[in-house]
Amino acid sequence: MTRTWKAALSVATLALLAACGGDDDDPAGTSTGGTTPTARAVLVTQDFKVETGGWTGESSDYTTETAPANVVFELRDISQYGATYKDTKAYFISGTNRSDDLLLYVKKQITGLAVNTEYTFTVPSMNLLSNAHSGCMGVGGAPGESVWVIAAASPTEPKPVTTNGDTRLNIDHGNQAAPGAASMMLGNIANGLPCDGKQTYASKLVTNNTGIRVKTDGEGKVWVLLGIDSGFEATTGIYLQNVTMTFVPYVPPTTTT
């Protein structure tokens, strides 16, 4: 299997924990119930400059009356935003928030991890392009500071579920700046440019190195979600450029008596 940054999704051994074992033919290690000494840390990278890599987009958190408009998940050329991006693409995510709480996200199932194993999931880096200038006012909230970037992980596939006209995600992703049991907040989309009435796209790095714990299923798989949770009641559009994620086997802290 080719493992490069430009691959749709590369899964490579990041590091071997101090007490880890196993052989080179089993990069993620094996487990039959909880973390075992054979489970290894794994690095996952995705660069969207060429393709989406199988990440698919969905929306959630609205009612029948407040369903979002103009929802787009599409690989687009970003050459017009500067010489740095010549002949480069990124994953465009956009939608008009009519519920004051719109979640737009892309998801993919990650494979090749140890089975039935608890990992700490982190996002050391995610680069995006945003045209939301900092310090601006907006309907319902700021176009930058009120649109939060989140990541989530779950053995269960994240899906929007509609009950009595109310569409919500089937995993606990929290609410905007407040993370849920399956999610973490990486930052917001304010791009650092002054609020001058323009909508200039600029790069922004968001991260979370603290992470959350997630347990793989019986096949060593887990679903990952990357998204924006908006309190800004208008149209938001960002470009996902690339992301780096880590899965480190969780080791419970030792207790002393």
Side-chain angles (χ1 to χ4, degrees), residues 43-49 55 57-61 73 78 81-82 84-85 90-95 97 100-108 120-154 158 169 171-195 198-214 223-248:
L43 173 70
V44 178
T45 63
Q46 174 67 56
D47 196 327
F48 295 107
K49 66 171 57 176
W55 292 77
E58 294 173 335
S59 61
S60 184
D61 294 13
F73 298 98
I78 57 173
Y81 300 125
T84 303
Y85 311 120
Y91 205 166
F92 186 61
I93 298 174
S94 181
N97 180 10
D100 195 30
D101 189 27
L102 176 63
L103 175 66
L104 299 171
Y105 63 91
V106 294
K107 67 182 182 182
K108 183 164 183 175
T120 297
F121 166 59
T122 68
V123 180
S125 70
M126 186 163 81
N127 288 287
L128 55 87
L129 281 177
S130 169
N131 67 350
H133 290 216
S134 298
C136 296
M137 301 295 289
V139 180
E145 290 84 355
S146 294
V147 182
W148 300 93
V149 184
I150 69 168
S154 170
L169 204 63
I171 65 170
D172 184 5
H173 74 284
N175 185 40
Q176 298 175 24
S183 72
M184 55 185 163
M185 194 270 289
L186 308 183
N188 58 53
I189 68 167
N191 66 12
L193 297 177
C195 187
K198 300 178 181 178
Q199 290 186 315
T200 305
Y201 275 96
S203 291
K204 180 166 186 177
L205 171 69
V206 293
T207 68
N208 189 312
N209 289 299
T210 301
I212 56 173
R213 284 156 56 184
V214 60
W223 285 88
V224 169
L225 173 157
L226 306 172
I228 50 175
D229 199 352
S230 177
F232 171 55
E233 294 183 72
T235 301
T236 295
I238 65 164
Y239 291 87
L240 292 183
Q241 294 175 278
N242 52 63
V243 62
T244 300
M245 302 170 284
T246 65
F247 293 86
V248 177

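Atom set for the values below is all heavy atoms of this structure, side chains included, hydrogens, waters and symmetry mates excluded.
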Participant: So, Asn131 side chain and Tyr201 main chain: donor-acceptor pair closer than 3.5 Å or not?
Facilitator: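 Checked: no pair found.
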Participant: Would you name the heavy atoms of Phe232 and Gly141 that are closest together and state the gap between them?
Facilitator: CD1-O, 3.3 Å
Participant: If every non-hydrogen atom of Ser154 is compared with every non-hydrogen atom of Ile171, which pair is closest and at what distance?
Facilitator: OG-CG2, 3.8 Å
Participant: Within the side chain of Glu145, is there an N or O that forms a donor-acceptor pair under 3.5 Å with the backbone of Gly135?
Facilitator: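 A pair under 3.5 Å: yes.
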Participant: I'd like to know if the side chain of Asn97 and the backbone of Ser230 have a donor-acceptor N/O pair within less than 3.5 Å.
Facilitator: yes
Participant: For the atom pair NE2 (His173) and CG (Asp61), what is the distance rounded to the nearest 0.5 Å?
Facilitator: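 Here the rounded value is 4.0 Å.
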Participant: Where do Pro158 and Leu225 come nearest, in terms of heavy atoms and distance?
Facilitator: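 Of all heavy-atom pairs spanning Pro158 and Leu225, the closest is CB-CD1, 3.9 Å.
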Participant: Quick one: CD1 on Ile189 to CD1 on Ile228, what's the gap to the nearest 0.5 Å?
Facilitator: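 One finds 5.5 Å between CD1 of Ile189 and CD1 of Ile228.
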Participant: Should the ring pair Tyr239 and Phe92 be called parallel, tilted or perpendicular, given that the plane angle runs from 0 to 90° and is split at 30 and 60?
Facilitator: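 The arrangement is tilted - the two ring planes meet at 30° to 60°.
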Participant: Between atom OG of Ser130 and atom CG of Leu240, what is the distance when rounded to the nearest 0.5 Å?
Facilitator: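 Reported value, rounded in 0.5 Å steps: 11.0 Å.
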Participant: Quick one: does any side-chain atom of Thr246 pair with a main-chain N or O of Leu43 as donor and acceptor, under 3.5 Å?
Facilitator: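 Such a contact is absent between Thr246 side chain and Leu43 backbone.
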Participant: Which atom names give the shortest non-hydrogen contact between His133 and Thr200, and what distance separates them?
Facilitator: NE2-N, 2.9 Å
Participant: Can you measure from CG (Asn208) to CE (Met126) and round to the nearest 0.5 angstrom?
Facilitator: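 With rounding to 0.5 Å, CG (Asn208) is 10.5 Å from CE (Met126).
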Participant: Do the side chains of Lys204 and Leu128 get nearer than 4.5 Å, heavy atoms only?
Facilitator: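 SC-SC contact between Leu128 and Lys204 confirmed.
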Participant: Go through the steps for Ser94 and Thr235 under the test side chain to side chain contact (heavy atoms under 4.5 Å, CB included), then give the verdict.
Facilitator: CA-CA 7 Å; Ser94 181; Thr235 301; 3.9 Å; yes
Participant: Tell me if a side-chain donor or acceptor on Thr244 pairs with a main-chain N or O of Pro124 at a distance below 3.5 Å.
Facilitator: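 Absent.
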Participant: For Ala181, is there any backbone N or O sitting under 3.5 Å from a side-chain donor or acceptor partner on Asp172?
Facilitator: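 Indeed, once roles are kept as given, a pair shorter than 3.5 Å links the two residues.
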Participant: Where the side chain of Lys107 meets the backbone of Ala152, is there a donor-acceptor pair that is under 3.5 Å apart?
Facilitator: no
Participant: Kindly determine whether Tyr105 and Ile150 satisfy side chain to side chain contact (heavy atoms under 4.5 Å, CB included), including the steps that lead there.
Facilitator: CA-CA 9 Å; Tyr105 63 91; Ile150 69 168; over 6 Å; no
Participant: Parallel, tilted or perpendicular: which fits the ring planes of Phe48 and Trp55, with parallel below 30° and perpendicular above 60°?
Facilitator: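 Phe48 vs Trp55 ring planes: perpendicular.
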Participant: Using every non-hydrogen atom in the two residues, find where Asp101 and Asn175 come nearest and quote the distance to one decimal.
Facilitator: OD1-OD1, 2.8 Å
Participant: Can you see which heavy atom on Pro179 is nearest to which on Met185, and at what distance?
Facilitator: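 Shortest heavy-atom separation between Pro179 and Met185 comes out as CB-N, 4.4 Å.
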Participant: What's the separation between atom OH in Tyr85 and atom CD in Gln241, rounded to the nearest 0.5 Å?
Facilitator: 5.0 Å
Participant: Taking it one step at a time, do Gln176 and Asp229 satisfy side chain to side chain contact (heavy atoms under 4.5 Å, CB included)?
Facilitator: CA-CA 5 Å; Gln176 298 175 24; Asp229 199 352; 3.8 Å; yes
Participant: Which value, rounded to the nearest 0.5 Å, describes the distance between Thr122 atom OG1 and Leu186 atom CG?
Facilitator: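 Separation between the atoms: 10.0 Å.
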